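Because only heavy atoms are used, hydrogens play no part in the values below, and waters and symmetry mates are left out as well, while side chains stay in. All figures in this text were calculated on a predicted structure; none of them were measured in a lab. First listed ligand is number 1; within each ligand, the first listed atom is number 1.
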Amino acid sequence: MASSVNSRLSILTRHLTSVSATSSSKAGSHGQNLGWIKMSPEVSGALKCGSPIVALESTIISHGMPYPQNFETAKELEVIVKENGAVPATIAILDGVPCIGLTTEELETLARLGSKARKTASRDIAIVMAGRENGATTVSATMYLASKVGISVFVTGGIGGVHRHGENTMDISSDLTELGNTPVAVISAGIKSILDIPRTLEYLETQRVTVAAYKTDEFPAFFTQTSGCKAPARVESPEHCARVIDATIRLERKSGILIAVPIPREHAASGSLIESAIQQALQEAREKKIIGNAETPFLLSRVNELTGGASLASNIALVKNNASVGAKIAVSLAQLQKHRR
Ligand SMILES: O=c1[nH]cc([C@@H]2O[C@H](COP(=O)(O)O)[C@@H](O)[C@H]2O)c(=O)[nH]1
């Protein structure tokens with residue numbers, strides 16, 4: 001995350017000398033000319049001033065939820081981030097151009113495209129750019145692009161992980177390896193129990209990812225507050241999270257941070273309802289031979305059908321809660337970094 005401090009400074013210098021705050025702008029870390037990124041004026045302005053910014057992913061819009069709830073949620077997330085004092089930066093690739101900060105029209109385009117947009121992990125970014133395609137960025141691709149411009153805080157719903165039976169299939173989300181290589185703090189509701197949570201936590205340890213649960217000792221399981229797995233660390237407040245991120249920057253760690261925020265109690269789904277839906281969806285995925293990056297979207301939408309929409313309502317509620325916590329963390333971090341300048 002040292003690069004994020006450097007990148008903010010380099011962005012500041014470059015913008016002050018050459019780029020108008022009101023136009024789409026080019027920026028990047030380490031003084032590179034990242035002419036391939038389009039940044040919204042709001043995000044560009046916030047980077048210039050060292051104001052708090054929260055990155056948001058786009059696979060959650062295209063593949064994680066149906067239209068029109070996905071569009072409504074995407075807009076609401078941006079409002080929540082703003083209400084809590086930060087600038088939202090939804091990240092996606094449009095016509096081959098990685099975009100940091102989308103207009104409402106662009107959000108709607110992506111929401112309507114749904115799974116016609118390519119689910120883009122970090123390894124796919126070059127393919128989508130070269131093909132001038134529309135790409136919805138997963139956690140790994142969003143982290144990569146956020147870190148390139150110096151955004152340190154990123155809010156999502158849930159991250160990918162080690163799939164059940166991953167010890168045989170080797171189906172392990174590249175979100176985990178990106179977390180091992182990219183200095184961004186990811187605020188999520190933990191890991192869905194469609195995945196193997198204990199093995200995912202082991203893998204995160206192998207990848208040297210700093211993992212902490214927010215105001216709890218237990219690692220949350222997305223739809224439910226508990227998973228049966230103890231979290232490696234506990235953080236008590238947005239300020240505490242910001243201090244962890246700030247310490248990571250000063251240590252010049254190159255790996256990321258995962259902050260797991262439990263779903264608010266009033267929105268937590270019944271564990272047994274979800275678990276039986278997951279079991280059935282997993283069985284169907286096996287029968288239909290759905291594997292690889294098609295598996296998570298299939299399981300999500302099937303679990304939603306099987307729970308009569310209850311899982312979608314929980315999903316929306318937890319992402320909104322994460323957006324509020326993430327924005328507060330970004331605000332605290334910006335304050336800490338301002339004092340240090
Ligand atoms: O609850 C969710 N988990 C995960 C995803 C998406 O799925 C991606 C992981 O996909 P895979 O398992 O194919 O790596 C995540 O980065 C995220 O974009 C999602 O939308 N909703």
Test item, His163 contacting ligand 1 (heavy atom, 4.0 angstrom): yes
Atom pair NZ/CG of Lys338 and Leu333 - distance to nearest 0.5 Å: 11.0 Å
Nearest heavy-atom neighbours spanning Phe71 and Thr104: CE1-O, 3.7 Å
Residue and atom name of the nearest protein heavy atom (relative to atom 13 (O) of ligand 1), distance in Å to one decimal: Lys119 NZ, 2.9 Å
Arg118 versus His63, closest heavy-atom pair with distance: C-CE1, 4.2 Å
CA sep, side-chain torsions, deciding dist, call: Glu239, Arg243, salt bridge (charged side-chain N to carboxylate O under 4.0 Å, His left out): CA-CA 6 Å; Glu239 296 72 31; Arg243 287 202 304 276; over 6 Å; no
Which of the ligand 1 atoms, numbered from 1, are nearer than 4.0 Å to a heavy atom of Glu57: 17 (C), 18 (O)
Winner among Ala189, Gly190, Gly158 once heavy atoms are compared against atom 5 (C) of ligand 1: Gly158
Min side-chain heavy-atom separation Asn84-Val331 under 4.5 Å: no
Lys/Arg-Asp/Glu bridge criterion (N-O < 4.0 Å) met for Arg302, Glu305: yes
Salt bridge (charged side-chain N to carboxylate O under 4.0 Å, His left out) evaluation trace for Glu106 with Lys38: CA-CA 13 Å; Glu106 288 169 335; Lys38 183 177 161 221; 3.3 Å; yes
Which of the ligand 1 atoms, numbered from 1, are nearer than 4.0 Å to a heavy atom of Asn293: 13 (O)
Polar atom proximity, Val139 to ligand 1 (N or O, under 3.5 Å): yes
Nearest option to atom 19 (C) of ligand 1, as decided by whichever heavy atom of Thr137, Leu300, Leu176 sits closest: Leu300
Nearest neighbour in protein (non-hydrogen) for atom 14 (O) of ligand 1: Ser173 OG, 2.7 Å
Protein heavy-atom partner closest to atom 6 (C) of ligand 1 - residue, atom, separation in Å: Thr59 CG2, 4.1 Å
Contact (N/O only, under 3.5 Å) between Ser140 and ligand 1: no
Atom of Phe219, atom of Ser227 and distance for their closest heavy-atom approach: O-OG, 2.6 Å
Enumerated ligand 1 atoms positioned under 4.0 Å from heavy atoms of Phe222: 1 (O)
Per-atom contacts of ligand 1 with Ile60, taking only distances under 4.0 Å to non-hydrogen atoms: 20 (O)
Minimum heavy-atom distance Tyr214-Cys241, with the two atoms named: CD1-SG, 4.0 Å
For Lys192, atoms of ligand 1 separated by under 4.0 Å from a heavy atom: 1 (O), 2 (C), 3 (N), 21 (N)
Identity of the nearest option to atom 15 (C) of ligand 1, non-hydrogen atoms only, from Thr296, Asp175, Ile191: Asp175
